[in-house]
S.K.: 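This structure is in structure tokens; I'll ask about it shortly.
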2 protein chains.
Amino acid sequence: MPCNRTSYVILGILSIEPNKSGYDIRKAVESSVGYFWSESYGQIYPTLKQLAAEGLIVPSKPASAPKKRRQEYSLTNTGRACLRDWLATPFQNDPPRNEFLLKLFFGREAAPGVAIAHVRNLQQKNEQMLATMLQIEAFAHAPSTQNPHQPYWMLTLSLGIALTRAAIEWGKSALEELVSMDAVGAQDPQSAEVGPAAGKA
Amino acid sequence: MPCNRTSYVILGILSIEPNKSGYDIRKAVESSVGYFWSESYGQIYPTLKQLAAEGLIVPSKPASAPKKRRQEYSLTNTGRACLRDWLATPFQNDPPRNEFLLKLFFGREAAPGVAIAHVRNLQQKNEQMLATMLQIEAFAHAPSTQNPHQPYWMLTLSLGIALTRAAIEWGKSALEELVSMDAVGAQDPQSAEVGPAAGKA
DNA sequence: CGTGGCATGTAAACGGTTACATGATTTA
DNA sequence: TAAATCATGTAACCGTTTACATGCCACG
């Protein structure tokens, strides 16, 4: 009866590939869902104990090298059922927290070049991210891997690519706008009403 | 010397419009940066005390109605300097946590219609969000409001619009793909049935 | 007079990161 | 044998949400 997301991430990873240790799971999270999720050891190890106590996973020693100080886990049937239940319930995304947008929103208060620097910084990160995502996509298009999960993985990847591309396009015009604002010149701060958004029905 | 983001959000809001209470600040956050930030009373009220103790804001009674049980605050010079310092330092966005993408990633484990339902759910949310954002944009284009902050606010808005549009476009093709996957799966006698519950090693 | 909104706060619980501690195993 | 990496775990701390408690004020 877990309710925290860490549990489900672990169950999900183990549903794809059993016999993983806490260490493995962390690596797997990083390299698979790393662009939209993360887990730390401080979460993983206690949660593994808890899941085992609840019977959703079972510990086992590695068959190949049973002497190693290494504890592997696999899904039980109830664990798999639990994962499926969670998958079938509506998602609820966390309230977004974007420090970049926050600094841009208050950008008027800062020195003229500050917002520009932030946008350039974001552009750089996004371009790098796009490049690696495209690499992954290209690699996945190779006909070698026939994996039943692949279509779902590709969908998450293509959303990432689409969003990053949109952000980069936005960044280009935002930079133009900010540069032209700088050229026009700075004015002294005044109070005004706080906006926008609000519509607030 | 604050370092938590709540402090800076409060300073930022007060930099735009002084003489706000904790209650006001919460409303202002919701209606201005609400699409990419949020603060709860449990954060705001203690932080206000702390900021006042540090001399970054000053409490005052409302001039119009000094009898009201209401504590307003305004920025001090050091408070404004502190805000500016923070604005000038590089942003670092939180590791993203997207439950939708998580459920999509593990979608193969669920019943066939589950991923489709999630995407449709997301589409609906995004379309509604886009509509309200466009409304705000239209409203802001009215020549009435001449506000020095407006260009920065509009930039955050236009990023929101761009990202949401991209997500909606992605959603359309994702739905097509998922529907066709379902159709193929239904035809294929072996992969049609249960997922990896019985099989899948 | 009662309801709903304004307004301020606090305590508990939760989720999560970070830093630390420890030691085994592999490889150079 | 030294260094890197595999591997497990814990304790402290931080940020955040939630639920709760309180009471004022305006309006019908």
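Numbered from 1 within each chain, the chains take letters A, B, ... in sequence-line order. Here the structure is a predicted model, which means the values were calculated and not measured.
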S.K.: So, using side chain to side chain contact (heavy atoms under 4.5 Å, CB included) as the criterion, who are the partners of V58(A) when residues are at least two apart?
M.R.: S74(A), T76(A)
S.K.: Shortest non-hydrogen contact from L159(A) to A167(B)?
M.R.: CD1-CA, 4.2 Å
S.K.: From CD of Q71(B) over to C1' of dG23(D), roughly how many Å is that when rounded to an integer?
M.R.: 16 Å
S.K.: Separation of I44(A) atom CD1 from dG16(C) atom C1', in whole Å?
M.R.: 12 Å
S.K.: Of the options dA7(D), dT8(C), dA7(C), whose atoms approach the side-chain atoms of D24(B) most closely?
M.R.: dA7(C)
S.K.: Looking at every heavy atom in both K103(A) and T89(B), which two are closest together, and how far apart are they?
M.R.: NZ-O, 2.6 Å
S.K.: Any salt bridge (charged side-chain N to carboxylate O under 4.0 Å, His left out) pairs touching residues 122-137 of chain B, not counting sequence neighbours?
M.R.: none
S.K.: Under the rule for side chain to side chain contact (heavy atoms under 4.5 Å, CB included), what residues qualify as partners of P151(A), not counting sequence neighbours?
M.R.: E177(B), M181(B)
S.K.: Using whole Å, report how far CZ of R26(A) lies from P of dT18(C).
M.R.: 9 Å
S.K.: Any side-chain N or O of S21(B) less than 4.0 Å from the OP1 or OP2 oxygen of dT8(C)?
M.R.: yes
S.K.: State which of dC6(D), dG9(C), dG9(D) makes the closest approach to the side chain of K49(B).
M.R.: dG9(C)
S.K.: Quick one: list whatever passes side chain to side chain contact (heavy atoms under 4.5 Å, CB included) with K49(A), sequence neighbours left out.
M.R.: none
S.K.: Can you check the Y45(B) OH to dG23(D) P distance for me, whole Å?
M.R.: 16 Å
S.K.: Report, as a single string ordered 5' to 3', how protein heavy atoms within less than 4.0 Å touch nucleotides 12-18 of chain D: B base, S sugar-phosphate only, - not at all.
M.R.: ---SBBB
S.K.: Y23(A) side chain N/O closer than 4.0 Å to the phosphate oxygens (OP1, OP2) of dC6(D)?
M.R.: yes
S.K.: Tell me which pairs pass ring-ring contact (aromatic ring centres under 6.0 Å, His included) where either residue lies in residues 19-44 of chain A, with sequence neighbours left out.
M.R.: Y41(A)-Y45(A)
S.K.: May I have the distance from I25(B) (atom CD1) to dA7(C) (atom P), rounded to whole angstrom?
M.R.: 12 Å
S.K.: Expressed as a whole number of angstroms, how long is the span from K20(B):NZ to dA7(C):P?
M.R.: 11 Å
S.K.: Any idea which of dT8(C), dT8(D), dT10(D) is nearest the P46(A) side chain?
M.R.: dT10(D)
S.K.: Atom CZ of R70(B) to atom C1' of dG5(C): distance rounded to whole Å?
M.R.: 13 Å
